[in-house]
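In what follows, a single structure is set out as structure tokens and then discussed.
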2 protein chains.
Amino acid sequence: MSVSATVNPARHGQEEILDAAAQCFMDRGYAATSIDDVARNLGATKGRIYHHYRSKADLFFDVYRQGMQMNFDAIAPLAEQKIGIVEKLRAMTKTHTLAMIRTQPYQRCVWEGVELLLRGSTTPEQRIALVELHKMRTDYANIFRDVLEQAKREGIAHFHSSSITLHLMFMSLNSPLFWFQPSHGVDEKTIDGIASQCTVFALRGLGLKEELIADV
Amino acid sequence: MSVSATVNPARHGQEEILDAAAQCFMDRGYAATSIDDVARNLGATKGRIYHHYRSKADLFFDVYRQGMQMNFDAIAPLAEQKIGIVEKLRAMTKTHTLAMIRTQPYQRCVWEGVELLLRGSTTPEQRIALVELHKMRTDYANIFRDVLEQAKREGIAHFHSSSITLHLMFMSLNSPLFWFQPSHGVDEKTIDGIASQCTVFALRGLGLKEELIADV
DNA sequence: TTGACAACATACCCGGTAGTATGTTCCTCT
DNA sequence: AGAGGAACATACTACCGGGTATGTTGTCAA
């Protein structure tokens with residue numbers, strides 16, 4: 001789960017905090033999570049967290065940013081690849097869903113971050129940070145949007161509103177975030193099966209012909 | 001939005017509170033909503049709320065219950081109807097989605113209520129109430145599950161896990177809860193169009209043939 | 001008329017939590 | 001070696017919000 005334990009050791013302490021924070025925010029939600037909760041989860045005290053982050057919101061935002069970074073890292077190589085649109089769509093959706101499952105705590109924070117922005121009950125400075133993060137998420141979604149619209153032009157996908165369809169696709173692909181609890185001993189094959197079902201559902205929803213989906 | 005303004009006037013005060021509470025809980029989330037917020041939204045004070053409800057959790061649970069009741073009321077007549085399974089599936093999914101849009105604040109509370117149960121950070125008595133409400137939601141979902149499995153047996157729908165597919169279907173149908181903000185002047189035709197796209201996406205996801213979906 | 005109760009409003013208490021101010025320990029660089 | 005700072009822990013404050021205790025007003029029945 002650790003983001004990248006091999007970077008410079010100076011940041012290693014921060015990433016431990018990020019992992020613990022992501023876990024707590026997922027378990028209890030942003031508002032209901034106290035800094036002491038995160039500290040306890042770390043076997044530490046508030047001092048450690050406030051040494052690295054100025055506020056609870058700052059900590060949360062960093063989790064958000066890290067989560068989005070993971071997503072970009074996962075699909076960037078695929079988006080650039082020069083392959084058929086169907087292949088690209090299948091690869092991107094499947095990869096995205098696997099990323100959701102594997103980095104679940106971070107992605108739940110991304111989700112709540114979006115809600116936090118929409119609700120708008122934040123300080124002006126927090127709002128600025130949130131808007132920037134939201135742009136990151138929009139950029140990410142737009143990678144998929146481009147692929148979707150190209151697929152539509154090529155007669156492979158069929159839908160009316162791109163925006164609504166993008167929402168629907170992501171809701172399907174992201175859905176394991178909300179109903180999948182990794183029990184101890186969850187093997188790779190199970191995860192792949194879940195991601196497969198989500199991907200198939202989404203691609204069908206986009207209007208792809210059945211023979212283009214079968215082997216996802 | 002008012003649940004039913006024509007019942008006995010004794011309960012009328014409570015339903016005003018329910019509407020205001022549902023709105024606040026949707027706007028800021030359960031944890032971040034204070035009783036004073038709800039009271040302010042009512043143009044009243046805490047006294048009024050605590051006169052009708054013993055605690056913040058009790059108020060929230062009543063919103064949850066009311067939301068589920070609305071859903072049952074909406075699809076119960078359809079589920080009993082003696083019509084073809086395809087017709088029933090189309091009618092139920094479309095009706096459900098319309099209910100989500102029309103009673104959005106209540107349904108967001110239902111959603112958060114489920115999360116509250118899964119997170120499990122509640123008192124024992126609260127947990128009992130939540131479990132009972134969750135059973136209500138499970139019963140509701142099972143109505144759809146039965147229809148789904150019958151459709152699968154008849155070779156109309158195609159999927160592996162019923163549970164996962166049920167999740168995926170509801171995620172699609174419920175998705176307007178999270179990205180649709182009713183602006184002033186939102187007409188019935190727009191709402192119907194949104195519900196239509198969600199329903200088409202879900203029915204496709206279930207593996208229905210295109211000709212069985214076209215006119216939803 | 002009055003008294004009893006419903007339906008609130010007002011005033012207050014108190015626990016929890018974000019944030020701060022100040023120690024303490026170790027590590028590093030000169 | 002020792003000075004300075006990074007990386008924490010400890011102790012404290014201020015405030016917010018759930019819940020309660022008590023006051024106030026209208027209504028209705030006897």
Side-chain angles (χ1 to χ4, degrees), chain A residues 5 7-21 23-25 27-63 109 112-113 116 119 121-127 129-130, chain B residues 5 7-21 23-25 27-63 109 112-113 116 119 121-127 129-130:
Chain A
V7 292
N8 69 67
R11 265 209 96 113
H12 176 257
Q14 296 216 26
E15 305 199 344
E16 261 188 2
I17 296 177
L18 281 182
D19 280 351
Q23 188 67 45
C24 286
F25 287 141
D27 287 344
R28 321 184 189 198
Y30 174 73
T33 299
S34 74
I35 298 288
D36 289 300
D37 285 335
V38 180
R40 198 175 311 126
N41 195 295
L42 276 169
T45 67
K46 284 160 83 155
R48 179 169 175 191
I49 294 171
Y50 277 103
H51 177 71
H52 293 277
Y53 295 96
R54 291 185 346 193
S55 70
K56 177 180 166 183
D58 266 25
L59 172 58
F60 179 78
F61 293 160
D62 209 22
V63 176
C109 291
E112 195 166 355
L116 228 64
R119 306 202 211 262
S121 54
T122 51
T123 70
E125 25 179 352
Q126 287 174 9
R127 191 159 188 83
L130 259 184
Chain B
V7 292
N8 69 68
R11 265 207 95 119
H12 176 256
Q14 295 216 27
E15 305 199 344
E16 260 188 6
I17 296 178
L18 281 182
D19 280 351
Q23 189 67 45
C24 286
F25 287 141
D27 288 343
R28 319 185 188 197
Y30 174 73
T33 298
S34 75
I35 298 288
D36 290 300
D37 285 336
V38 180
R40 198 175 312 126
N41 195 293
L42 276 168
T45 66
K46 284 158 86 158
R48 178 169 176 191
I49 293 171
Y50 277 103
H51 178 72
H52 293 278
Y53 294 96
R54 290 186 342 191
S55 69
K56 177 180 167 182
D58 266 25
L59 172 58
F60 179 78
F61 294 160
D62 209 23
V63 176
C109 291
E112 195 165 355
L116 228 63
R119 306 202 211 262
S121 53
T122 50
T123 70
E125 27 180 350
Q126 286 175 9
R127 190 160 188 81
L130 260 183

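Just so it is clear: chains get the letters A, B, ... in the order the sequence lines come, proteins before strands, and each one is counted from 1. Owing to the predicted nature of the structure, the values given are computational and were not obtained by experimental measurement.
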Measure from the side-chain heavy atoms of [X] and tell me the nearest of [options].
X     : options               : answer
B/R48 : C/dA7, C/dT17, C/dA9  : C/dA9
B/Y50 : D/dG19, C/dA6, C/dT17 : D/dG19
B/H51 : C/dA7, D/dG18, D/dC8  : C/dA7

Nucleotide [N], atom [atom2] - distance to [atom1] of [X] in whole Å:
X      : N      : atom1 : atom2 : value
B/R54  : D/dG18 : CZ    : C1'   : 14 Å
A/K56  : C/dT20 : NZ    : P     : 15 Å
B/H52  : D/dG18 : NE2   : P     : 18 Å
A/D36  : D/dC8  : CG    : C1'   : 15 Å
B/D37  : D/dC16 : CG    : P     : 12 Å
B/F60  : D/dG19 : CZ    : C1'   : 19 Å
A/L59  : C/dA18 : CG    : P     : 11 Å
A/Q126 : C/dA18 : CD    : C1'   : 12 Å

Flag the pair [X] / [Y] as yes when at least one side-chain heavy-atom distance between them is below 4.5 Å, and no otherwise.
X     : Y     : value
A/L59 : A/L18 : yes
A/I35 : A/Y53 : no
A/F60 : A/T33 : no

* Asked: Between the base of D/dA9 and the side chain of A/K46, is there a donor-acceptor distance below 3.5 Å?
  ->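 No, no donor-acceptor pair under 3.5 Å.
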* Remember a base hit wins even if backbone is also touched, and classify B/S34 as base, sugar-phosphate or nothing at under 4.0 Å, heavy atoms. =>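 Sugar-phosphate contact only.
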* For the side chain of A/N41 and the backbone of A/V38, is there at least one donor-acceptor N/O pair under 3.5 Å apart? ->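 Here the side-chain-to-backbone pair does not exist.
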* May I ask you to decide if the ring planes of B/Y30 and B/F25 are parallel, tilted or perpendicular, using 30° and 60° as cut-offs? =>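 B/Y30 and B/F25: tilted rings.
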* To do: Find which nucleotide of DNA chain C each of A/T33 and B/G47 is nearest to by heavy atoms, and output the residue with the more 5' nucleotide.
  =>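 Nearest-nucleotide comparison on DNA chain C picks B/G47.
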